[in-house]
Protein chains: 2
Amino acid sequence: MTTKSTTTIDKIIENLIRIHPLLTKNLNRSIRTKTNLNPGSLFILGILNRNEMLSMSEIGCKLSMPKPHVTAQVDKLIAEGMVERLFDPNDRRIINIKMTEKGKNDFHQIKMEISTELRQNLKKLEEIKLEELLASTTQVRTLLSEIMTDNSANTGTCNKI
Amino acid sequence: MTTKSTTTIDKIIENLIRIHPLLTKNLNRSIRTKTNLNPGSLFILGILNRNEMLSMSEIGCKLSMPKPHVTAQVDKLIAEGMVERLFDPNDRRIINIKMTEKGKNDFHQIKMEISTELRQNLKKLEEIKLEELLASTTQVRTLLSEIMTDNSANTGTCNKI
DNA sequence: CAAAATGGTTACAAAAGTATAACTATTTAT
DNA sequence: ATAAATAGTTATACTTTTGTAACCATTTTG
């Protein structure tokens, strides 16, 4: 049993290690050529898009991004009018970040743009394949999200997510 | 049908866009802290590990990596004794790159090291979930590999893969 | 209240990746 | 045979990301 589990896990990891560069090369290049944002700030938009409001530290924790980098990226997003700072009345040290309506619209648009090639290629697949791929990617995303716990790459202690 | 396809594709893309930072943050950090290589050179090892021999240009094409960067990364791998240069007798312009035995062993070892946390977390899942995840990751990897055609980010023309 | 911890910013250095142009050597095309 | 194209390297500048330390403001702890 142990042996079998380990083998399965090894194969999963091998798959993930091979998926990684495929996504990196495809998405990062599109982000660079088609938007005036960088992967890091798009990652921030991504988690803000499904979290409503997060503090600077929480952003850093969720993305394993050093705090100074979070500051820089959020500054950029604020300059673009895509997010806003909200001061926490209960703890005045905390600065919460929230997407603006413009941010939500822009983000949706950006996602469409950076995925045009991918979309074109996916269109070549049969409907059945697409349904399968949807199920697969959903499972991978869900399980990875669950598994990837707070790994505190941040300076300072990382809060639980 | 078209509508349905598009929706499916949108969801797939949404999943991929969300999987991307999860892998990036987890793997890249491990690569940095646990090896003396960088993600780029590990990507090169990855494709050499399953291609036996590739020219510099082919490496650049497969990874959408600019040629000067390929040169730099391969230099580093040669310094580590993990790959070797082979001159092509038929076309003396071409330099083929091949993994050494040491490279294969080191690469296997490195993959184990950078995935320890991932492995620990995967162990928490039930056997059934693991089997499902293996099937899912395999499908995602396979279809993405098929789909991600040569996208010639390289300077100069990119050969077909 | 004083000391320690936390949240965030600033400043700075360094690594990693990207982009471009110029260059050599070799091969292909006209 | 000359010109054009290809494979690869070198050099250089730039962007993105990471890491570290110092710092301020605020909150928590003793």
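By convention in this document, chain letters (A, B, ...) are assigned in the order of the sequence lines, proteins followed by strands, and residues within each chain are numbered from 1.
Taking 4.0 angstrom as the limit, A/Arg92 places none of its side-chain polar atoms (N or O) nearer than this to OP1 or OP2 of C/dG7. Between A/Lys76 and D/dT15 there is no side-chain N or O to OP1 or OP2 distance below 4.0 Å. An OP1 or OP2 oxygen of C/dT9 is reached within less than 4.0 angstrom by a side-chain nitrogen or oxygen of A/Arg85. Phosphate contact (OP1/OP2 of C/dA15, side-chain N/O of B/Arg32, threshold under 4.0 Å): absent. At least one side-chain nitrogen or oxygen of A/Thr71 sits closer than 4.0 Å to the OP1 or OP2 atom of C/dT9. OP1 or OP2 of D/dG8 sits under 4.0 Å from a side-chain N or O of B/Ser57.
The nearest whole Å value for the distance from the CG atom in A/Asn90 to the C1' atom in D/dT28 is 15 Å. Separating the CE atom of B/Met65 from the C1' atom of D/dA7 is a distance of 17 Å, rounded to the nearest angstrom. For A/Asn28 and C/dT18, the CG to C1' distance is 11 Å, given to the nearest whole Å. Residue A/Arg29 contributes atom CZ, which lies 10 Å from atom P of C/dT18 at whole-angstrom precision. Between B/Phe87 atom CZ and C/dA25 atom C1' the separation is 12 Å, expressed in whole Å. Atom CG in B/Asp88 sits about 11 Å away from atom P in C/dT28, given to the nearest Å. Here D/dG8 presents its C1' atom at 13 Å from CD of B/Glu58, a figure rounded to the nearest Å. Look at CG on B/Leu63: it is 14 Å from P on C/dA19, rounded to the nearest Å.
Nearest approach of A/Glu80 to A/Lys102, heavy atoms of both residues: O-NZ, 3.2 Å.
Side chain of B/Arg50 to main chain of B/Gly46: a donor-acceptor pair is present (N/O by atom type, distance under 3.5 Å, no hydrogens or angles). A donor-acceptor pair is defined here as one N or O able to donate and one able to accept, closer than 3.5 Å; such a pair exists between the side chain of A/Asn51 and the backbone of A/Ile47.
Note that the CZ atom of A/Arg32 and the CG atom of A/Leu27 stand 11.0 Å from one another [nearest 0.5 Å].
Residues forming a side-chain contact (heavy atoms from CB on, under 4.5 Å) with B/Arg141 (at least two apart in sequence, or on another chain): A/Asn15, A/Arg18, A/Ile19, B/Thr138, B/Ser145.
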**Request:** Carefully, step by step, assess B/Met82 and B/Leu37 under the rule side chain to side chain contact (heavy atoms under 4.5 Å, CB included).
**Result:** CA-CA 11 Å; B/Met82 298 178 78; B/Leu37 295 175; 4.0 Å; yes
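If you check residues 35-52 of chain B against DNA chain C, the residues with a heavy atom closer than 4.0 Å are B/Asn38, B/Pro39, B/Gly40, listed by number.
When distances run from any side-chain atom of A/Asp91 to the nucleotides C/dT26, D/dT27, D/dT18, the shortest one goes to D/dT27. Taking the side chain of B/Lys67 as heavy atoms from C-beta on, and the options C/dG8, D/dG8, D/dT17, the nearest nucleotide is D/dG8.
Looking at which nucleotide of DNA chain D each of B/Ile94 and B/Asp75 is closest to, the 5′-most match is held by B/Ile94. Both A/His69 and B/Asn96 sit near DNA chain D, but only B/Asn96 has its closest nucleotide nearer the 5' end.
Cluster annotation: B/Ile147 is connected to B/Leu23 through the hydrophobic network of ILVMFWY side chains, with a link wherever side-chain heavy atoms come within less than 4.5 Å.
For the helix from C/dC1-D/dG30 to C/dT30-D/dA1, the angle separating the two terminal helix axes comes to 20°, with each axis derived from five pairs and the value rounded to 10°.
The pair B/Asp10-A/Lys111 does not count as a salt bridge, with every side-chain nitrogen at least 4.0 angstrom from each carboxylate oxygen. Using a 4.0 Å cut-off between charged side-chain N and carboxylate O, B/Lys11 and B/Glu14 make no salt bridge.
Residue side chain A/Arg93 reaches the base of C/dT6 through a donor-acceptor N/O pair under 3.5 Å, judged by distance alone.
At a cut-off of 3.5 Å, with distance as the only test, no side-chain donor of B/Asn96 or B/Glu58 sits close to an acceptor on the other residue.
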